[in-house]
2 protein chains.
Amino acid sequence: MPAPPTATANTRDRLVATTAALFLHQGFTATGVGAITAGSGVPTGSLYHHFPGGKDELAAEALRVAGAGYGLLVGAVIDEAPDLATGIRESFPAAAAMLEASGYADACPIATVALEVASTNEPLRRVTHEVFESWATALSSRLEGAGLAVDRSRELALTYLAALEGGFLLCRAARSPEAMLAVGALVADAVDAALAEVR
Amino acid sequence: MPAPPTATANTRDRLVATTAALFLHQGFTATGVGAITAGSGVPTGSLYHHFPGGKDELAAEALRVAGAGYGLLVGAVIDEAPDLATGIRESFPAAAAMLEASGYADACPIATVALEVASTNEPLRRVTHEVFESWATALSSRLEGAGLAVDRSRELALTYLAALEGGFLLCRAARSPEAMLAVGALVADAVDAALAEVR
DNA sequence: ATCGCTCTAGAGGGATCGTTCTAGTAGCCT
DNA sequence: AGGCTACTAGAACGATCCCTCTAGAGCGAT
């Protein structure tokens with residue numbers, strides 16, 4: 001195997017990035033292969049060279065990459081606060097602000113696709129689950145690090161994710177940050193209370 | 001205008017019901033007009049007679065009808081409990097049980113479409129928002145009836161909906177009721193606490 | 001009985017879907 | 001230099017997309 005020229009990695013990465021961006025705005029089914037190739041400036045043949053499994057394989061990779069990136073973003077927002085409870089509390093208005101700034105377009109890169117494929121495409125459904133699970137374990141381990149029991153940490157982590165995702169859904173439909181702020185305040189209060197007990 | 005024969009109403013209703021059922025499982029874009037006509041046994045011409053606006057107009061009607069029906073279903077589950085706090089608490093395991101019983105296919109009839117159209121189809125986005133808003137006001141008025149202030153009632157209603165929707169998303173991806181039960185317990189605790197203050 | 005309106009019926013069109021296929025280019029190896 | 005491999009390039013295919021169109025069935029009114 002010869003050393004891969006940089007153009008190769010760039011082509012692959014551009015395909016993945018373009019696919020993830022299109023999924024974010026319009027979901028899986030509405031994103032055509034033609035739109036991906038046009039948006040990334042990559043010819044059809046290159047796409048099927050890098051992803052012999054076609055649209056599904058590219059989608060899986062885009063979900064994994066976008067999921068990892070978004071997990072890092074949320075983790076960074078939480079970690080830059082002085083303590084975990086504050087970070088969790090501030091992450092909801094931060095998410096609402098980013099959503100609003102993008103015209104209520106840029107929310108969770110996985111959610112739309114996850115609902116579309118949940119009952120129609122088992123391999124992709126599995127990928128969306130793996131992404132959510134990675135987020136849950138990342139947050140859960142932070143809560144454990146703050147002193148919470150394992151079970152309680154996982155419950156709160158799942159609650160946090162459900163609140164964030166539900167908030168995104170309602171806010172995008174309403175084009176208003178209200179729901180995210182409401183649900184965020186309640187989850188943050190619960191996290192505060194849980195962490196106060198073990199302090 | 002002559003009295004419309006029953007076949008007419010049946011045709012229209014069958015189209016709407018079939019469309020809503022297909023949206024529930026696979027969303028808006030993946031649901032073709034051909035699948036709707038085949039599933040309802042209605043010819044193409046009849047669809048465009050009843051819905052001159054085509055797929056979008058039929059989708060709007062299906063979302064409104066399914067949204068009203070689902071709102072009544074959730075309201076009934078909540079109201080059959082001895083009191084509001086209990087009804088809200090029990091609605092989460094009930095939702096989780098219904099989801100599990102359907103093989104994690106039958107969840108919110110609006111959510112998938114709402115995310116698909118949020119940034120791509122303004123008329124339909126508006127319809128999804130109206131449905132969510134009708135659910136929020138229905139629950140909010142129940143909370144007001146139990147003695148909560150108007151603002152607090154709306155906050156809790158939006159929180160409830162966000163929790164339910166986020167729970168549906170995570171549970172469908174995971175094919176597990178865990179997230180719905182976790183987020184439901186936390187929201188139910190918060191509702192308990194809020195209602196205990198005013199009792 | 002004939003007209004007029006609503007609705008059914010499905011063939012067909014133009015566009016786009018995801019994929020396959022053949023050709024050609026670029027760079028490393030011997 | 002010649003050959004091999006990785007990759008680019010885009011034309012073309014069959015299937016499916018949403019929609020339009022023509023034809024006729026059913027029924028009440030005059």
Side-chain angles (χ1 to χ4, degrees), chain A residues 1-20 22-23 25-63 112-113 116-117 120-124, chain B residues 1-20 22-23 25-63 112-113 116-117 120-124:
Chain A
M1 183 201 327
T6 47
T8 290
N10 286 345
T11 296
R12 229 191 99 100
D13 290 350
R14 282 212 314 277
L15 284 170
V16 171
T18 302
T19 302
L22 290 171
F23 282 179
H25 289 81
Q26 56 192 24
F28 176 74
T29 313
T31 297
V33 169
I36 296 171
T37 54
S40 55
V42 168
T44 312
S46 298
L47 189 156
Y48 284 91
H49 170 78
H50 290 287
F51 299 95
K55 188 188 179 186
D56 280 20
E57 185 184 347
L58 173 54
E61 179 76 359
L63 289 171
T112 310
V113 179
E116 287 182 274
V117 304
T120 61
N121 189 322
E122 180 61 13
L124 285 182
Chain B
M1 183 199 329
T6 46
T8 290
N10 285 346
T11 297
R12 231 191 97 100
D13 290 349
R14 281 212 314 278
L15 284 170
V16 170
T18 302
T19 303
L22 290 171
F23 282 179
H25 289 81
Q26 56 191 25
F28 176 74
T29 312
T31 297
V33 169
I36 295 172
T37 55
S40 55
V42 167
T44 313
S46 298
L47 188 156
Y48 285 91
H49 170 78
H50 290 287
F51 299 95
K55 187 188 180 186
D56 279 21
E57 186 183 347
L58 172 55
E61 180 76 359
L63 289 171
T112 309
V113 180
E116 287 182 275
V117 303
T120 61
N121 188 321
E122 181 61 14
L124 285 182

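Note that this is a predicted model, so its numbers are computed, not measured. Sequence lines set the chain letters: A, B, ... in the order given, protein chains first and strands last, and positions in each chain run from 1.
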Distance check needed: [N] [atom2] versus [X] [atom1], whole Å only.
{"X": "Leu47(A)", "N": "dA9(D)", "atom1": "CG", "atom2": "P", "answer": "13 Å"}
{"X": "Leu22(B)", "N": "dC18(D)", "atom1": "CG", "atom2": "P", "answer": "11 Å"}
{"X": "Arg12(B)", "N": "dT6(C)", "atom1": "CZ", "atom2": "P", "answer": "15 Å"}
{"X": "Asn10(A)", "N": "dC7(D)", "atom1": "CG", "atom2": "P", "answer": "12 Å"}
{"X": "Asp13(B)", "N": "dC7(C)", "atom1": "CG", "atom2": "P", "answer": "13 Å"}
{"X": "Leu58(B)", "N": "dC18(D)", "atom1": "CG", "atom2": "C1'", "answer": "12 Å"}
{"X": "Asn121(B)", "N": "dC18(D)", "atom1": "CG", "atom2": "P", "answer": "13 Å"}
{"X": "Ile36(A)", "N": "dG10(D)", "atom1": "CD1", "atom2": "P", "answer": "18 Å"}

Counting N and O atoms only, with roles assigned by atom type, does the side chain of Thr37(B) sit under 3.5 Å from a partner on the main chain of Gly34(B), one being a donor and the other an acceptor?
-> yes

Does His49(A) put a side-chain nitrogen or oxygen below 4.0 Å from OP1 or OP2 of dA9(D)?
-> no

dT8(C) OP1/OP2 closer than 4.0 Å to side-chain N/O of Thr11(B) | yes

Close side-chain approach of [X] and [Y], heavy atoms under 4.5 Å:
{"X": "Leu63(B)", "Y": "Phe23(B)", "value": "yes"}
{"X": "Phe51(B)", "Y": "Val16(B)", "value": "yes"}
{"X": "Val42(B)", "Y": "Arg14(B)", "value": "yes"}

Taking only residues two or more places apart in sequence, or in another chain, which ones meet Thr29(A) in a side chain to side chain donor-acceptor pair (under 3.5 Å)?
-> Glu116(A)

Letter by letter from the 5' end, nucleotides 13-20 of chain C scores (B base, S sugar-phosphate only, - none; protein heavy atoms under 4.0 Å) -----SBB

Cut-off 3.5 Å, no hydrogens considered: what does the side-chain donor-acceptor table look like for residues 54-61 of chain B, sequence neighbours left out?
residue	atom	partner	partner atom	Å
Lys55(B)	NZ	Phe28(B)	O	3.0
Lys55(B)	NZ	Thr31(B)	O	3.1
Asp56(B)	OD2	Asn121(B)	ND2	3.0
Glu57(B)	OE1	Gly53(B)	N	2.6
Glu61(B)	OE2	Arg12(B)	NH2	3.0

